[in-house]
Amino acid sequence: MKIHFDDTNLRAAMIGDVHGLKSAEIKAGQPEALKALAGFQALVEEGRYGFPHQPFQTATIQEIERFGAQVRGSFDTVCLAGIGGSALGAWALDCGLRGPHPVQGAFTPTHPRLVILDNVDPALTLAALESMNPKKTLVVVIAKSGATAETVGAFLIVRDWLGPQGAKRIVAVTSEGRGDLKVLATREGYPTFHVPENVGGRFSVLSPVGLVPAALIGVNIRKLCKGAAGMTRLAWLPDLARNPALRSALMLYLSWTRKNKPIQVAFPYSNRLWGTAFWFRQLWAESLGKAKTRQGETVHAGQTPVAALGTTDQHSQVQLYMEGPNDKVHTFWTVARPASPGRIPRQKLGLEGFDYLAGQSLAKLLDVEQRSTAAALAANHRPNCAFTLDRLDEEHLGAFLQLLEFQTAFLGEMLDINAFDQEGVELGKKFTFGLMGRKGFESYREEYQRYETKRAQVRG
Ligand code: PA5
């Protein structure tokens, strides 16, 4: 497994002192990085955070593999009801390892597709139901809390659609000791896998949350975890030259805080990594967007993650990135050895605008376009860096996801914030519960109504 982090274009020598980091600044930041590593390590050793342990949970991995082998062939579609951290990891794995939607090829019992219901837009749910056969669908309902309104709403519809024998076609992933999903799973006898309490949603891709759907669609989860285990070993090294998670965390932290870059563009040059970009958006936004430090000081920290796809977004976003406000750090994600080159036919057509490409490959064009964009950004003093995965297979994707999780955790330490909670989403959820009539949330319904009254007065 080889993942390389190149930070050359974050440095002052490439993009100038105003936007680039001087060697002295990088050197001065190194103790902060080592402190962050030691701080996070202590929290993991205390048992507070469990994602670093996930790739080493051999018994769980085997149990999921056994279950996958038992049910294989009995479905051609896996329908996942989940949202946020309970859906995005599965999407990243599906897209990364089986190819981008909608060009994954025909689905069969040996090559099932993954349908993810991660929204309550009836247009999605109803179209999904029409596209699936209840006799050939395995439903995976995932909610760590066991009570997320969106997941419960979509699941109740799918459960009903499965019919009276439906319980046999449902698998649950939830917390062991709490939540109504656990109660229902026990009552109706669904096979159930548990999310460790110390693994938060957006850090759960290598727990049963990501591994169960992945195994069901045929991903080799053992190799996925092997790659992630290898990255975990690197991520604990107190050596910035050998630890890409710590090195990238430091460089991104310094660019963000010392060079004032409140936006990060995650810029995969790979359609297969597009799902990972959306997974990363949640990881970065929900983990690092925080009002207060752990000491209670108000900081409103956060770096807005933007997902852009190369080369597609060169024709959409790059004008802004080159000439708009210099407030972004661009992080390219590339694959050194793509599965196939995409040869362009040798035949020449006697047309200058076509013939220079004859006999070359799409992989070369993609690579050249990425390097050209990086060079042009540097010429415009725009900070950019790159992660290069040697290949895009289970081991590399597992390692990359783990790297990004460690990087986020280290950033949380450097910023002295709690990267593992999400208080900011609670109030909106409570209003929803109140308005939808959930018991115990009546006061939020009233508070919401006061807000509506105020709006009416302001509108006049
Ligand atoms: O990262 C998180 O903790 C959240 O984004 C959750 O994953 C999301 O809210 C879904 O929660 P649950 O799994 O309880 O349905």
Side-chain angles (χ1 to χ4, degrees), residues 48-52 54 79-93 116-121 124-125 139-159 170-185 190 192-214 275-290 302 304-305 307 401-402 404-409 411-412 417-433 436 438 441:
R48 295 268 288 277
Y49 306 120
F51 83 80
Q54 293 311 293
C79 175
L80 189 165
I83 197 166
S86 290
L88 287 161
W91 185 37
L93 295 174
I116 300 179
L117 300 181
D118 65 347
N119 198 357
V120 285
D121 183 344
L124 170 73
T125 311
V139 173
V140 187
V141 53
I142 308 182
K144 183 178 176 191
S145 60
T148 301
E150 294 90 332
T151 301
V152 171
F155 174 65
L156 287 173
I157 292 176
V158 175
R159 176 177 164 276
I170 298 174
V171 186
V173 181
T174 191
S175 295
E176 186 163 13
R178 66 181 169 103
D180 284 350
L181 177 56
K182 176 68 186 173
V183 175
L184 185 70
Y190 311 152
T192 302
F193 293 88
H194 296 125
V195 192
E197 208 45 55
N198 64 359
V199 176
R202 55 194 175 275
F203 292 88
S204 68
V205 59
L206 298 165
S207 80
V209 170
L211 296 184
V212 169
T276 300
F278 283 85
W279 170 86
F280 172 75
R281 243 176 21 153
Q282 185 211 8
L283 180 70
W284 203 249
E286 216 166 61
S287 303
L288 304 180
K290 296 292 149 76
T304 304
L401 296 169
Q402 192 75 338
L404 294 172
E405 289 185 7
F406 266 100
Q407 177 192 268
T408 306
L411 245 303
I417 55 167
N418 182 350
F420 297 89
D421 66 2
Q422 56 279 325
E423 291 302 308
V425 299
E426 292 308 315
L427 186 58
K429 274 194 204 168
K430 287 173 180 159
F431 284 147
T432 301
F433 285 145
M436 294 299 282
R438 186 170 170 182
F441 292 84

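First listed ligand is number 1; within each ligand, the first listed atom is number 1. Treat the numbers as computed from the prediction; the structure is a model and nothing was measured. Residue numbers count from 1 along this sequence.
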Problem - Interfacing atoms of ligand 1 (cut-off 4.0 Å, heavy-atom, S86) - result: 7 (O), 12 (P), 13 (O)
Practice task
Write out the residue and atom name of the closest protein heavy atom to atom 8 (C) of ligand 1, then the distance separating them to 0.1 Å.
Solution key: I83 O, 3.8 Å
Practice task
Could you list which atoms of ligand 1 come closer than 4.0 Å to a heavy atom of Q422?
Solution key: 2 (C), 3 (O)
Completion exercise
Heavy-atom closest pair (P208 atom, H194 atom, distance to 0.1 Å) is CG-O, 3.3 Å
Handout entry: Identity and separation of the nearest protein heavy atom to atom 9 (O) of ligand 1
Key = K429 NZ, 4.1 Å
Practice task
Name the option, out of K144, R202, Q282, that contains the heavy atom nearest to atom 5 (O) of ligand 1.
Solution key: Q282
Handout entry: Value rounded to 0.5 Å, distance of CD in E286 from OG1 in T408
Key = 12.0 Å
Practice task
Rounded to the nearest 0.5 Å, what's the gap from CD1 on I170 to CG on L184? Could you check?
Solution key: 7.5 Å
Practice task
Just need the protein heavy atom nearest to atom 7 (O) of ligand 1, so name the residue and atom and give the distance.
Solution key: G85 N, 2.9 Å
Fill in the blank from the handout: Looking only at protein heavy atoms, what sits closest to atom 12 (P) of ligand 1 is T148 OG1, 3.3 Å
Practice task
Return yes when E150 approaches ligand 1 closer than 4.0 angstrom through a heavy atom, no otherwise.
Solution key: no
Completion exercise
Heavy-atom nearest pair, L404 first then L283, reads O-CD2, 3.6 Å
Handout entry: Those atoms of ligand 1 less than 4.0 Å from some heavy atom in G201
Key = 1 (O), 2 (C), 3 (O), 7 (O)
Fill in the blank from the handout: Correct closest heavy-atom pair for T151 and I142 would be CG2-O, 3.6 Å
Completion exercise
Of all protein heavy atoms, the one nearest atom 14 (O) of ligand 1 is S145 OG, 2.6 Å
Handout entry: E286 neighbourhood, listing ligand 1 atoms whose heavy-atom distance to it stays under 4.0 Å
Key = 1 (O), 2 (C), 4 (C), 5 (O)
Practice task
Taking all heavy atoms of F203 and all of E405, pick out the closest pair and write down the distance.
Solution key: O-OE1, 3.6 Å
Handout entry: Residue pair V195 / S207: nearest heavy atoms and the distance that separates them
Key = CG1-OG, 4.4 Å
Handout entry: Parallel, tilted or perpendicular: rings of F420 and F51 (30°, 60°)
Key = parallel
